[in-house]
Amino acid sequence: MNQRRSRTKFTEDQLKILIKAFDQNPYPGYATKQRLALEINTDESRIQIWFQNRRARHQCQKKSEPDEDLESRQDQDHSEEEIQSREDRRCRTSYTSSQLHTLIGAFMNNPYPGIDTREQLAKEIGIPESRVQIWFQNRRSRFHVQRKREPDDQDSEQRQDQDQDLWDERVQAALAPGAQQAASDQRTVSTEGGRGQHLIAHNPRQLLPSCCF
DNA sequence: TCTAATCTTATCAGGGGCACCCTGATAAGCACATTAGA
């Protein structure tokens with residue numbers, strides 16, 4: 001089950017263009033990323049990921065080459081570029097109640113959808129897949145925050161053990177030949193994302209707007 | 001082995017409705033995020 005997006009292989013020419021753009025500004029705004037996407041004939045979301053990874057590698061290199069002058073200059077550059085980037089953000093996507101209903105339903109079924117599911121959802125609600133991915137990221141994040149804020153209605157250690165047991169059970173079920181995901185359970189877990197984190201909706205309604213009921 | 005893809009967490013910022021709150025977008029990741037495909 002290949003649930004990850006297949007790896008993008010950039011050509012040498014594409015990389016030249018990307019690296020040149022990175023050297024000019026490691027924090028390009030949305031318009032720049034779109035222009036680059038057009039120029040090298042790829043999706044804007046792939047450009048965004050490439051810049052994120054490039055910045056991460058760049059930071060590592062910077063740490064391993066402690067040149068104070070270079071470092072301070074680059075830090076200064078970054079702060080200016082960050083401001084530029086913030087002026088050029090992508091416009092907020094606003095979802096209709098119908099679109100949200102679909103997304104929330106999918107989230108309750110599986111908070112870690114793979115590329116196929118995300119693309120299917122994107123097609124269904126007419127939103128780019130990259131926005132669906134971001135929606136799930138934000139949703140999971142706020143779910144985790146909410147879980148932390150919840151008052152303990154039982155011993156937390158006991159609850160963690162129960163969560164782990166349920167997680168293991170679902171992983172076993174998912175790996176079993178011909179296994180079907182039990183999606184109707186109120187306590188829902190899935191491994192489709194494949195990273196091993198688990199997230200259990202004790203009460204999924206807590207995260208849902210009233211318009212969904 | 002390299003690096004695209006993905007994850008969590010924190011924060012910025014738009015928009016609804018008038019002081020915040022919700023939530024989409026973005027950045028960082030520090031015993032230098034982790035995972036996994038080519």
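Chain identifiers are assigned alphabetically (A, B, ...) following the order of the sequence lines, protein sequences preceding nucleic acid strands; residue numbering begins at 1 within each chain.
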Nearest-Å distance for atom pair [atom1]/[atom2], residues [X] and [N]:
X        : N      : atom1 : atom2 : value
A:Phe136 : B:dT8  : CZ    : P     : 12 Å
A:Asp88  : B:dA27 : CG    : P     : 11 Å
A:Asn138 : B:dA10 : CG    : P     : 14 Å
A:Leu100 : B:dG24 : CG    : C1'   : 11 Å
A:Leu103 : B:dT23 : CG    : P     : 13 Å
A:Asn53  : B:dG37 : CG    : C1'   : 14 Å
A:Ile47  : B:dA25 : CD1   : P     : 18 Å
A:Gln137 : B:dG29 : CD    : P     : 17 Å

When you check the phosphate oxygens OP1 and OP2 of [N], does a side-chain N or O of [X] lie under 4.0 Å from one of them?
X        : N      : value
A:Tyr112 : B:dT8  : yes
A:Arg5   : B:dG37 : no
A:Ser141 : B:dA10 : no
A:Arg140 : B:dC7  : yes
A:Trp50  : B:dT3  : no
A:Arg55  : B:dA27 : yes
A:Arg118 : B:dT6  : yes
A:Thr8   : B:dA5  : yes

What nucleotide, of [options], holds the atom closest to the side chain of [X]?
X        : options               : result
A:Gln48  : B:dG24, B:dT26, B:dA4 : B:dT26
A:His144 : B:dA4, B:dT9, B:dA25  : B:dT9
A:Arg89  : B:dT8, B:dA4, B:dC12  : B:dC12
A:Tyr30  : B:dT9, B:dA5, B:dT26  : B:dT26

What residues form a side-chain contact (heavy atoms from CB on, under 4.5 Å) with A:Ile127, not counting sequence neighbours?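 A:Ile127: side-chain contact (heavy atoms from CB on, under 4.5 Å) contacts with A:Thr93, A:Tyr95, A:Gln99, A:Ile125, A:Arg131, A:Val132.
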For A:Arg92, what residues pass the side-chain contact (heavy atoms from CB on, under 4.5 Å) criterion, not counting sequence neighbours?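 Result, side-chain contact (heavy atoms from CB on, under 4.5 Å) vs A:Arg92: none returned.
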Take A:Gln14 and A:Glu39, measure what side-chain contact (heavy atoms from CB on, under 4.5 Å) needs, and give me the verdict at the end. CA-CA 9 Å; A:Gln14 285 174 322; A:Glu39 193 175 346; over 6 Å; no
Using a 4.0 Å heavy-atom cut-off across all strands, classify A:Arg54 as base, sugar-phosphate, or nothing.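 Nothing, no heavy atom under 4.0 Å.
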Under 4.0 angstrom, heavy atoms only, what part of the nucleic acid is A:Arg92 near: base, sugar-phosphate, or nothing?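 The answer is base, as A:Arg92 lies within the cut-off (heavy atoms under 4.0 Å) of a base atom.
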Do the ring planes of A:Phe22 and A:His58 sit parallel (below 30°), tilted (30 to 60°) or perpendicular (above 60°)?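 Ring orientation, 0 to 90° scale: perpendicular.
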Would you call the rings of A:Phe143 and A:Phe107 parallel, tilted or perpendicular, taking 30° and 60° as the class edges?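 Tilted: the ring planes of A:Phe143 and A:Phe107 meet at 30° to 60°.
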DNA chain B: 5'-proximal contact among A:Ser45 and A:Cys91 (nearest heavy atom):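 This one resolves to A:Ser45.
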Could a donor-acceptor pair under 3.5 angstrom be found where the side chain of A:Arg7 meets the base of B:dT3?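 By the distance-only test, yes, there is a pair.
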Donor-acceptor pair under 3.5 Å: do we get one between A:Arg90's side chain and the base of B:dG14?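 It does not, because no donor-acceptor pair links the side chain of A:Arg90 to the base of B:dG14 below 3.5 Å.
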What's the gap between [N] and [M] when it is taken at their [atom1] atoms, as a whole Å value?
N      : M      : atom1 : answer
B:dT34 : B:dC7  : P     : 15 Å
B:dG17 : B:dC12 : P     : 25 Å
B:dA27 : B:dC2  : P     : 26 Å

Begin from the C-alpha positions of A:Asp13 and A:Thr11 and carry the test side-chain hydrogen bond (donor to acceptor under 3.5 Å, both in side chains) through to its verdict. CA-CA 5 Å; A:Asp13 288 343; A:Thr11 65; 5.3 Å; no
Among residues 125-134 of chain A, which residues get a heavy atom nearer than 4.0 Å to DNA chain B?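 Under 4.0 Å from DNA chain B: A:Arg131, A:Gln133, A:Ile134.
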Does A:Asp88 reach the main-chain N or O of A:Pro28 with its side chain, forming a donor-acceptor pair under 3.5 Å?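 Here the side-chain-to-backbone pair does not exist.
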Lys/Arg-Asp/Glu bridge criterion (N-O < 4.0 Å) met for A:Glu129, A:Lys123: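 Salt bridge: no.
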Face-on cation placement of A:Arg55 at A:Tyr27 ring, 6.0 Å and 45° thresholds: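 Yes, A:Arg55 and A:Tyr27 form such a contact.
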